[in-house]
Q: 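Pasting a structure below so you can have a look.
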Amino acid sequence: MSISLYNSLSRRTETFTPLNPERVTVYLCGPTVYSYVHIGNARGPVVFDVLVRLLRRHYPNVVYARNITDVDDKINAAALEQGVPISTITDRFAAAYREDMATLGIPPPDIEPHATAHIGEITAMIEMLIAGGHAYAAEGHVLFDVASYAAYGALSGRDTEEMIAGARVEVAPYKKNPADFVLWKPSQPELPGWDSPWGRGRPGWHIECSAMSAAHLGETIDIHAGGVDLQFPHHENEIAQSTCAHGGKTFARWWMHNGMLTFDGRKMSKSLGNVLHVHQLLQQHPPEALRLLLLRGHYRQPLDWSDAAIAQSISTLDGWYRVLRDLADVSLPDGALPVPSGIEAALCDDLNTPQALAELSMLADAARQSGTPEAKAALLGGGALLGLLQQDPEAWFQRGSDGVDGARVEALLEERRAARAAKDFARADAIRAELTAMGVVIEDGAQGTRWSVAKA
Ligand SMILES: [Zn+2]
């Protein structure tokens with residue numbers, strides 16, 4: 001089964017063929033670590049985690065890089081305000097980011113390059129651009145000369161006029177052309193900086209990704225991914241830098257962009273006060289439901305985030321985990337979990353996760369009806385490719401039970417069983433009432449009594 005992926009550069013869905021099938025390379029633009037990331041920033045990592053899972057089924061060696069931007073004006077401002085080195089801020093929020101991503105079921109990338117660990121590669125690339133006539137130094141800055149690269153604007157489909165209007169900033173006097181962008185800028189003594197041929201300074205944001213991608217994945221990579229908000233100027237500038245520094249070589253063969261998240265139909269923004277941080281959401285909702293919600297829409301479309309959508313995702317997972325819980329005693333067939341062809345076909349069709357989830361629902365229905373080891377394995381195998389359904393069903397139903405003493409619940413349930421056996425129904429009802437007061441819901445069934453924590 002071949003994989004078809006929409007390429008934002010060609011604006012077509014094309015059959016994916018890696019440059020080197022022995023080493024498939026994927027780069028995703030990672031976070032700038034000065035605070036917790038909002039839920040919109042988790043969509044790309046979840047979507048492209050599914051892409052990497054799919055690629056790993058097809059190719060023996062997929063190298064996946066997701067960077068950390070750990071020097072930036074916002075980081076510098078936060079460090080200055082708190083009177084700490086930037087690493088105090090970046091270490092803290094990079095760790096929080098890793099933890100949040102792991103909680104969403106995203107394994108760490110193979111490579112997590114940090115910008116500050118690549119200053120040598122960054123300055124070397126800038127020197128190559130200057131030597132090639134694609135960049136110029138002016139007043140402690142180095143700027144990319146947009147006029148030197150004829151294909152500038154090809155990814156975003158903008159013409160130069162639009163790009164200048166889009167910049168909406170006062171044009172610095174040292175720029176030859178208003179669209180020229182910063183590769184290096186001077187640092188005042190109180191700000192972090194590195195010595196360079198152009199004086200003490202720090203890199204611009206765009207050059208970091210170009211330099212780190214080349215250092216770890218090579219001059220030409222298979223897939224470069226990110227949010228559609230990065231298409232211009234970030235990705236446009238990455239293409240210009242990398243192509244010009246590498247003698248016209250293609251930088252990324254596929255460009256993939258995920259759509260933005262809206263919140264109750266509105267844009268998520270600080271000024272609207274509706275920014276939802278992943279860190280906080282993970283404390284309020286089951287992480288797997290957040291992951292499922294992020295996969296419910298096709299990745300190229302906008303996706304709306306709402307309490308109703310979270311509730312719907314929880315209810316879907318309740319249904320699927322109920323099937324798995326009912327089949328707890330059914331042993332899986334020997335060997336690796338199968339990947340159902342319907343799910344694989346959906347993902348091979350430009351990562352059609354809504355279709356893959358519809359297939360998963362059908363597999364859950366089939367497993368409930370047949371109860372066979374094969375049907376259970378298909379449901380689990382399909383879930384695995386999406387990063388879903390891999391926890392113990394009991395754990396799913398008892399989630400959020402941190403405040404509930406599990407041993408106490410079990411002891412009360414045992415006492416209730418004994419009371420019922422002795423036909424002491426008043427005592428049994430009193431125990432149920434006590435459990436309800438603890439926030440525990442009990443369910444009597446053929447396989448005994450099960451408990452879960454009531455949803456708020
Ligand atoms: Zn980037």
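Note: hydrogens, waters and symmetry copies are ignored here, and every other heavy atom, side chains too, is used. Order of appearance sets the numbers: ligands from 1, and atoms from 1 within every ligand.
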Q: Considering only NZ, NE, NH1 and NH2 on the basic side and carboxylate oxygens on the acidic side, decide whether Arg202 and Asp73 come within less than 4.0 Å.
A: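 Counted as a salt bridge, because a side-chain N and a carboxylate O are separated by less than 4.0 Å.
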Q: Can you check whether His235 and Trp255 have ring centres sitting under 6.0 Å from each other?
A: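 Ring-ring flag for His235/Trp255: true, centres closer than 6.0 Å.
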Q: At distances under 2.8 Å, what protein N, O or S atoms surround the Zn ion (ligand 1)?
A: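 Those protein N, O or S atoms (cut-off: under 2.8 Å from the Zn ion (ligand 1)) are Cys29 SG, Cys209 SG, His234 NE2, Glu238 OE2.
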Q: Charged N to carboxylate O below 4.0 Å: is that the case for Arg23 and Asp222?
A: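 A salt bridge is absent here (no side-chain N lies under 4.0 Å from a carboxylate O).
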Q: Is the distance between the ring centroids of Tyr149 and His134 less than 6.0 Å?
A: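 No - the distance between ring centres of Tyr149 and His134 does not fall below the 6.0 Å cut-off.
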Q: Are Arg66 and Asp110 ion-paired here, with the side-chain N under 4.0 Å from a carboxylate O?
A: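 A salt bridge is absent here (no side-chain N lies under 4.0 Å from a carboxylate O).
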Q: At their closest point, which heavy atom of Arg200 faces which heavy atom of Gly193, and how far apart are they?
A: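 Of all heavy-atom pairs spanning Arg200 and Gly193, the closest is NH2-N, 3.2 Å.
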